[in-house]
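Letters go in sequence order (proteins before strands), and every chain restarts at 1.
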There are 2 protein chains.
Amino acid sequence: MRRSVKSSAGKSAVVRPRRRAARAPAPKPYHHGDLRRVLVEAALQLVGEGGADAVSVREAARRAGVSPGAPFRHFPSRDALMQAVAEEAQRRFRAEIEAALAGAPAGDPLGRFRCLGLAYLRWAMRNPTHFEVISSRRLFDHDRAAAISSDNAELIALTEQTLAEAFVAGQLRPADLKQIQIAGRALVYGFARMNIDGHFPRWGLAAPEAEQTAEAILDLFIEGIAKRR
Amino acid sequence: MRRSVKSSAGKSAVVRPRRRAARAPAPKPYHHGDLRRVLVEAALQLVGEGGADAVSVREAARRAGVSPGAPFRHFPSRDALMQAVAEEAQRRFRAEIEAALAGAPAGDPLGRFRCLGLAYLRWAMRNPTHFEVISSRRLFDHDRAAAISSDNAELIALTEQTLAEAFVAGQLRPADLKQIQIAGRALVYGFARMNIDGHFPRWGLAAPEAEQTAEAILDLFIEGIAKRR
DNA sequence: CAACTGGTGTAATCGGCGCTTACATTCACA
DNA sequence: TGTGAATGTAAGCGCCGATTACACCAGTTG
């Protein structure tokens, strides 16, 4: 929408004859080779530059050095491209979460729960546009993106399990676990989206403090659900 | 973006001669009279039908019965129109909040805080697209929308004050009030956006239960910050 | 009353976009 | 070596936001 992308055009540089010379390094192979991946990367880059709305199929094609119609050989629609972009972003997100969880204390479920939330918040704060892509169903159809759905379902199951462990370990005050889980998700998701949606300036929160505030509200929440000592 | 709007066009009905006949009821006055307001209403309607992205200046003009260029006499850009739409939505939101607060218990600050959160959640759940418009800075420039900014600043100040009252009344356990406020906001905002962004189906939350879950997580949060009895 | 002036709408147009179709080129495999 | 499928290009459709030149109308002023 509202393409703000201007694109410096150019591209006039020497339209070499297509016939590949005997020893020339194949200046313009007709077939790109890995266009699909390059398109996703270009789109991911566009997301990083101007948000999800700044992604246009044509611009991605331009950056990949192909004609405007070429991407439609690989993606039936712009939304399908965005879906692939979202899958890639989700892949990175998940890798981060799992890495964080690997370095979490084993015997302290609530501590692991905190690690999960912290990793979620950190990644969202440091990759706001990528987070934006995976957060809204408008940008891609979550239900159809099997990879994403299962990824997310796994993450949901993971927090559920962690919370259950924390409960049996006697770390939680009595409450509905499902409600705790949803509330926790709403908290971190809301904080991340407040960042994306530009709410923090109005709260007097600059970028550097935002991340430590994220940690603070997570701890506030956890204290709220933890059994008082 | 990605106009899905089809618009049945038509509009061919009798292009009466412009000269107004002696007693005719002025079939097509050249000047619309209140185009600005009508455009905002049309845009608001479009938001309700297909989300914020479904708003196009041309479609709003179509529904107002004017030419595609006419809106630009009143709004320098589509974003300016969206800003006006957001101001209208924010006006309604604020009215709802204030009405809810009017019927809140006077001597119980924490109860009033709960009322605030509940009104926020309820309005957001029942007017998801309107909420979407006022929630994202992408759809309009919050900082330039003086009316909105001050509205929102007032709401922020209101919750801050309510929390402070709850604290002096001894209703809160020791904690940073600002952090409580931000956490509370993140919670309700996150829940509302999870609804907008279509997360709830993945959580097994249907529309009817969502609203009572909203209440439940709000209570969970409030119990977390309240002084234990 | 007539003429001017400023506000508001129309018509035409521009470039960008998503997407489709027809055609060109190349690769992989029989 | 030939041939079909895969993958690129070229051209074009209709939509969009936005701009410009022009038409119309209302209210003021002489």
Side-chain angles (χ1 to χ4, degrees), chain A residues 1-9 11 15-20 26-39 42-43 46 50 52-83 85 138-140, chain B residues 1-9 11 15-20 26-39 42-43 46 50 52-83 85 138-140:
Chain A
M1 132 176 45
R2 341 282 155 247
R3 316 286 137 196
S4 48
V5 211
K6 292 305 175 189
S7 169
S8 52
K11 173 77 50 188
V15 188
R16 280 296 170 77
R18 283 293 153 70
R19 308 270 86 242
R20 54 169 62 190
K28 266 271 183 180
Y30 188 87
H31 281 105
H32 186 284
D34 200 5
L35 182 54
R36 190 191 155 93
R37 175 165 303 277
V38 170
L39 284 172
L46 284 169
D53 286 347
V55 178
S56 82
V57 177
R58 292 178 110 98
E59 180 62 23
R62 233 169 266 135
R63 299 199 174 189
V66 296
S67 69
F72 291 92
R73 291 288 179 197
H74 299 270
F75 304 98
S77 69
R78 176 188 182 275
D79 283 355
L81 171 59
M82 292 307 289
Q83 186 165 320
V85 171
R138 286 272 163 70
L139 303 176
F140 72 106
Chain B
M1 127 177 43
R2 342 276 157 254
R3 318 285 135 196
S4 48
V5 211
K6 291 305 173 192
S7 169
S8 52
K11 176 71 55 190
V15 188
R16 279 295 169 78
R18 284 293 152 70
R19 307 272 84 242
R20 53 170 62 191
K28 263 273 183 179
Y30 187 86
H31 282 103
H32 185 286
D34 201 5
L35 182 54
R36 190 191 155 95
R37 176 164 305 276
V38 171
L39 285 171
L46 284 169
D53 285 347
V55 178
S56 82
V57 177
R58 293 179 104 95
E59 181 61 22
R62 233 169 266 135
R63 300 200 174 191
V66 296
S67 68
F72 291 92
R73 290 289 179 195
H74 299 271
F75 304 99
S77 68
R78 177 190 182 274
D79 283 354
L81 170 60
M82 291 307 289
Q83 186 164 322
V85 171
R138 284 273 163 71
L139 303 176
F140 71 105

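- Between B/M82 atom CE and D/dG17 atom C1' the separation is 14 Å, expressed in whole Å.
- Residue A/R62 places at least one side-chain N or O closer than 4.0 Å to OP1 or OP2 of C/dC17.
- Comparing D/dA18, D/dT9, C/dT10 by their closest approach to the side chain of A/V66 singles out D/dT9.
- In the set D/dT9, C/dT10, D/dT19, the nucleotide with an atom closest to the side chain of B/F72 is D/dT19.
- By the side chain to side chain contact (heavy atoms under 4.5 Å, CB included) test, A/A80 pairs with A/F75, A/P76, A/S77, sequence neighbours left out.
- As rounded to whole Å, 18 Å separates atom P of C/dG16 from atom CZ of A/R78.
- When the salt bridge (charged side-chain N to carboxylate O under 4.0 Å, His left out) test is applied to B/R36, no partner is found at least two apart in sequence or on another chain.
- A close approach under 4.0 Å does not occur between any side-chain nitrogen or oxygen of B/R73 and OP1 or OP2 of D/dA23.
- In this structure the side chain of B/L35 never reaches within 4.5 angstrom of the side chain of B/R73, judged on heavy atoms.
- Heavy atoms only, all atoms of each residue included: A/V66 and A/P71 are closest at CG2-CD, 4.5 Å.
- With C/dG18, D/dG17, D/dT9 as the choices, the nucleotide that has an atom nearest any side-chain atom of B/S56 turns out to be D/dG17.
- For B/V57, whose side chain is taken as the heavy atoms from C-beta onward, the closest listed nucleotide among C/dG9, D/dG17, C/dC19 is D/dG17.
- In terms of position on DNA chain D, the residue among A/D34 and B/G69 whose nearest nucleotide sits closer to the 5' end is A/D34.
- Comparing atom distances between the A/R58 side chain and each of D/dG12, C/dG9, D/dG17 picks out D/dG12 as nearest.
- One can place CG of B/D53 at 19 Å from P of D/dC15, the figure rounded to the nearest angstrom.
- A distance of 5.0 Å separates CE of B/M82 from CZ of B/R78, quoted to the nearest 0.5 Å.
- Spacing between atom CZ of A/F75 and atom P of D/dT7 amounts to 12 Å, rounded to whole angstrom units.
- In this structure, B/H74 reaches the C/dG9 phosphate: one of its side-chain N or O atoms is under 4.0 Å from OP1 or OP2.
- Of the residues near DNA chain D, B/S77 and A/L35, the one whose nearest nucleotide (by heavy atom distance) lies more toward the 5' end is A/L35.
- The distance from atom CG of A/L46 to atom P of C/dC17 is 10 Å, rounded to the nearest whole Å.
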